[in-house]
There are 2 protein chains.
Amino acid sequence: ALVLENVSKNYVAGDVVVPALSGVDLIIPAGGFVAMAGPSGSGKSTLLNLAGALDVPTEGRVLVEGHDLSGLTTSEQAALRRDRIGFVFQNYNLVPVLTALENAEYVLMLRGVGQKERRERARALLAEIGLGGMENRFPRQLSGGQQQRVAIARAILAEPAIVLADEPTANVDSRTASDLLALMEKLHADRGVTFLFSTHDLDVMRRAGRLVWLRDGRIFYDGKPDGF
Amino acid sequence: ALVLENVSKNYVAGDVVVPALSGVDLIIPAGGFVAMAGPSGSGKSTLLNLAGALDVPTEGRVLVEGHDLSGLTTSEQAALRRDRIGFVFQNYNLVPVLTALENAEYVLMLRGVGQKERRERARALLAEIGLGGMENRFPRQLSGGQQQRVAIARAILAEPAIVLADEPTANVDSRTASDLLALMEKLHADRGVTFLFSTHDLDVMRRAGRLVWLRDGRIFYDGKPDGF
Ligand SMILES: Nc1ncnc2c1ncn2[C@@H]1O[C@H](COP(=O)(O)OP(=O)(O)OP(=O)(O)O)[C@@H](O)[C@H]1O
Ligand SMILES: Nc1ncnc2c1ncn2[C@@H]1O[C@H](COP(=O)(O)OP(=O)(O)OP(=O)(O)O)[C@@H](O)[C@H]1O
Ligand SMILES: [Mg+2]
Ligand SMILES: [Mg+2]
């Protein structure tokens with residue numbers, strides 16, 4: 001579903017070049033349920049941004065469902081992001097002037113799903129993740145972990161082929177985190193959605209089928225999460 | 001150092017009243033090292049905002065170092081926040097147009113500390129928490145956990161009487177979290193700084209001298225963290 005081929009990403013900060021990723025080779029087959037961990041600053045968000053076509057690599061190639069992202073036009077990339085990829089940002093990126101419901105249903109709206117159907121689906125999902133009764137609130141009227149859950153709802157409601165989630169449980173308690181993981185596992189099992197998510201939480205790592213560990217922009221370990 | 005006396009906080013969301021805190025009694029003596037936990041949405045951020053004079057209770061009183069906050073003028077409250085309280089926000093609240101160094105040294109600058117001294121102190125602290133060499137970057141040029149650490153540096157650099165920290169380790173790996181906790185413990189032991197911090201992390205909870213557990217805006221447990 002997702003391939004990174006010898007991917008490097010350099011940022012420029014002032015007169016310093018920051019090698020955020022160096023020579024990363026990663027193959028996530030369709031149907032994978034993969035956790036990514038590593039120290040703060042090791043490159044997890046950078047990798048997810050490249051995988052989600054939100055940024056371009058300095059070297060190497062990123063292929064989503066076989067398409068080399070660099071070969072796609074901007075509108076083709078936008079269509080891919082809308083139709084095939086669900087993204088959960090580390091800082092949620094909710095639209096402040098839209099309610100929780102409107103934020104959650106956003107992708108369905110972009111896809112032209114009818115209002116009645118998308119509202120029902122969004123309402124049901126929000127209730128399932130503990131946000132029942134909060135659908136008409138604005139992001140600023142929600143707690144940190146509630147905003148995070150709206151961002152998750154937005155990503156999964158459209159049942160994309162691939163969900164890329166950046167620390168999706170960082171701001172919730174362990175019980176809520178476990179429920180969110182169960183929801184992701186269910187979507188994976190029922191619909192074959194591919195998941196790649198970063199986390200700092202050992203309990204979350206252990207529930208993944210596979211664990212990729214980053215250090216200083218390189219893959220340090222890629223295999224079963226046992227023993228972590 | 002901090003007293004909440006029968007504190008309630010209601011928010012209004014549309015035509016619904018949300019009782020974010022109800023009848024909270026909490027005494028944090030000077031020199032306390034107190035963790036606060038509880039489900040997402042249970043009122044942790046609300047409590048910290050009231051304690052830090054960033055918001056006002058609907059009922060009850062908040063006293064900081066014996067001063068009833070409602071009895072202070074706006075400039076007296078601002079002075080209290082500048083001189084006596086360090087605050088770490090759940091979403092960092094860094095100034096986007098200031099560098100990491102400028103963000104960290106901000107409170108010292110407000111207090112009139114000379115540039116040479118405050119730059120040296122800020123640089124040293126940033127290096128100590130793993131941000132050496134990044135002091136001239138802007139927040140957008142830092143990872144999530146790096147931004148969180150700048151926010152922590154800003155709160156503790158000025159060695160306030162009380163540090164209020166909202167999920168200060170949510171976006172960093174367990175090793176970095178442990179180092180940050182050690183730094184907080186050191187400031188507590190050496191300088192008697194009072195700490196009240198919220199967290200979802202069991203390892204962080206267990207290192208506190210006392211654990212306050214919130215549920216639905218009420219205190220559910222207040223005592224030793226053993227057995228959690
Ligand atoms: N725009 C930028 N300019 C310069 N350096 C950057 C920029 N964005 C990220 N970096 C650097 O690239 C490295 C990787 O950042 P990234 O955000 O991918 O880390 P991360 O693994 O997600 O960290 P965290 O766990 O703290 O979220 C870090 O050292 C960071 O400082
Ligand atoms: N401006 C607001 N308007 C309406 N309700 C609000 C507002 N701000 C917070 N709330 C609600 O108040 C309750 C407490 O929120 P608070 O942010 O204190 O929770 P929290 O314990 O910090 O949660 P988290 O662990 O997710 O950060 C939540 O139910 C939240 O939805
Ligand atoms: Mg990150
Ligand atoms: Mg909060």
Side-chain angles (χ1 to χ4, degrees), chain A residues 11-16 18 20 37-46 48 89-92 99-100 129-131 133-149 166-167 169-177 179-180 198-203 205 213-215 217 228, chain B residues 11-16 18 20 37-46 49 89-92 99-100 129-131 133-149 166-167 169-177 179-180 198-203 205 213-215 217 228:
Chain A
Y11 292 113
V12 178
D15 49 0
V16 173
V18 179
S40 170
S42 55
K44 304 179 296 296
S45 296
T46 301
L48 289 169
F89 293 84
Q90 190 165 4
N91 58 359
Y92 329 143
T99 63
I129 57 181
L131 303 182
M134 301 186 197
E135 57 214 32
N136 296 321
R137 292 207 211 157
F138 293 97
R140 67 179 178 279
Q141 296 174 314
L142 297 169
S143 79
Q146 290 165 347
Q147 292 178 36
Q148 190 165 36
R149 279 178 274 171
D166 204 346
E167 298 185 32
T169 64
N171 277 280
V172 298
D173 52 286
S174 49
R175 174 64 200 273
T176 304
D179 292 347
L180 287 169
S198 63
T199 183
H200 284 304
D201 188 331
L202 282 166
D203 295 327
M205 282 176 225
W213 197 281
L214 288 189
R215 263 184 72 161
F228 271 90
Chain B
Y11 292 113
V12 177
D15 50 359
V16 174
V18 179
S40 170
S42 56
K44 303 178 297 296
S45 296
T46 301
N49 287 341
F89 294 83
Q90 191 164 4
N91 58 358
Y92 329 143
T99 63
I129 56 180
L131 302 182
M134 301 186 198
E135 57 215 32
N136 296 322
R137 292 207 210 156
F138 293 96
R140 69 179 178 279
Q141 296 173 314
L142 295 170
S143 78
Q146 290 166 346
Q147 292 178 35
Q148 190 166 35
R149 278 177 274 171
D166 204 347
E167 298 185 32
T169 63
N171 279 279
V172 297
D173 53 286
S174 49
R175 175 63 200 272
T176 305
D179 292 348
L180 287 169
S198 64
T199 184
H200 286 303
D201 189 331
L202 281 166
D203 293 327
M205 282 177 226
W213 197 280
L214 287 189
R215 263 185 71 163
F228 270 91

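Computation of the quantities below employed the complete heavy-atom set of this structure, encompassing side-chain atoms and omitting hydrogens, waters and symmetry-equivalent molecules. Chain naming here is simple, since letters A, B, ... match the order of the sequence lines and numbering starts at 1 in each.
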*Atom OG1 in B:Thr199, atom CE in B:Met205: separation rounded to 0.5 Å?*
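The OG1 atom of B:Thr199 sits 5.5 Å away from the CE atom of B:Met205.
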*From OG1 (B:Thr176) to CG (B:Asn171), nearest 0.5 Å*: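 One gets 11.5 Å once the value is rounded to the nearest 0.5 Å.
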Under 4.5 Å from any heavy atom of chain A - which part of [X]:
X: B:Val18; value: side chain
X: B:Asn91; value: neither
X: B:Ser40; value: both
X: B:Arg137; value: side chain

*Give a yes or no on whether the backbone of B:Leu131 and the side-chain of B:Arg149 come within a donor-acceptor separation of less than 3.5 Å.*
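No, because the side chain of B:Arg149 does not come within donor-acceptor range (under 3.5 Å) of the backbone of B:Leu131.
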*Is there a donor-acceptor pair closer than 3.5 Å between any side-chain N or O of A:Gln141 and the backbone N or O of B:Ala13?*
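No.
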_For the interface with chain B, which of A:Ser42, A:Gly130, A:Pro39 has the highest count of heavy-atom pairs at distances below 4.5 Å?_
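Most pairs with chain B among the choices: A:Pro39.
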*asked:* I'd like to check the side chain to side chain contact (heavy atoms under 4.5 Å, CB included) partners of B:Ser198; sequence neighbours left out, ordered by chain and number.
replied: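 Side chain to side chain contact (heavy atoms under 4.5 Å, CB included) check on B:Ser198 returns B:Met36, B:Lys44, B:Leu48, B:Asp166, B:Glu167.
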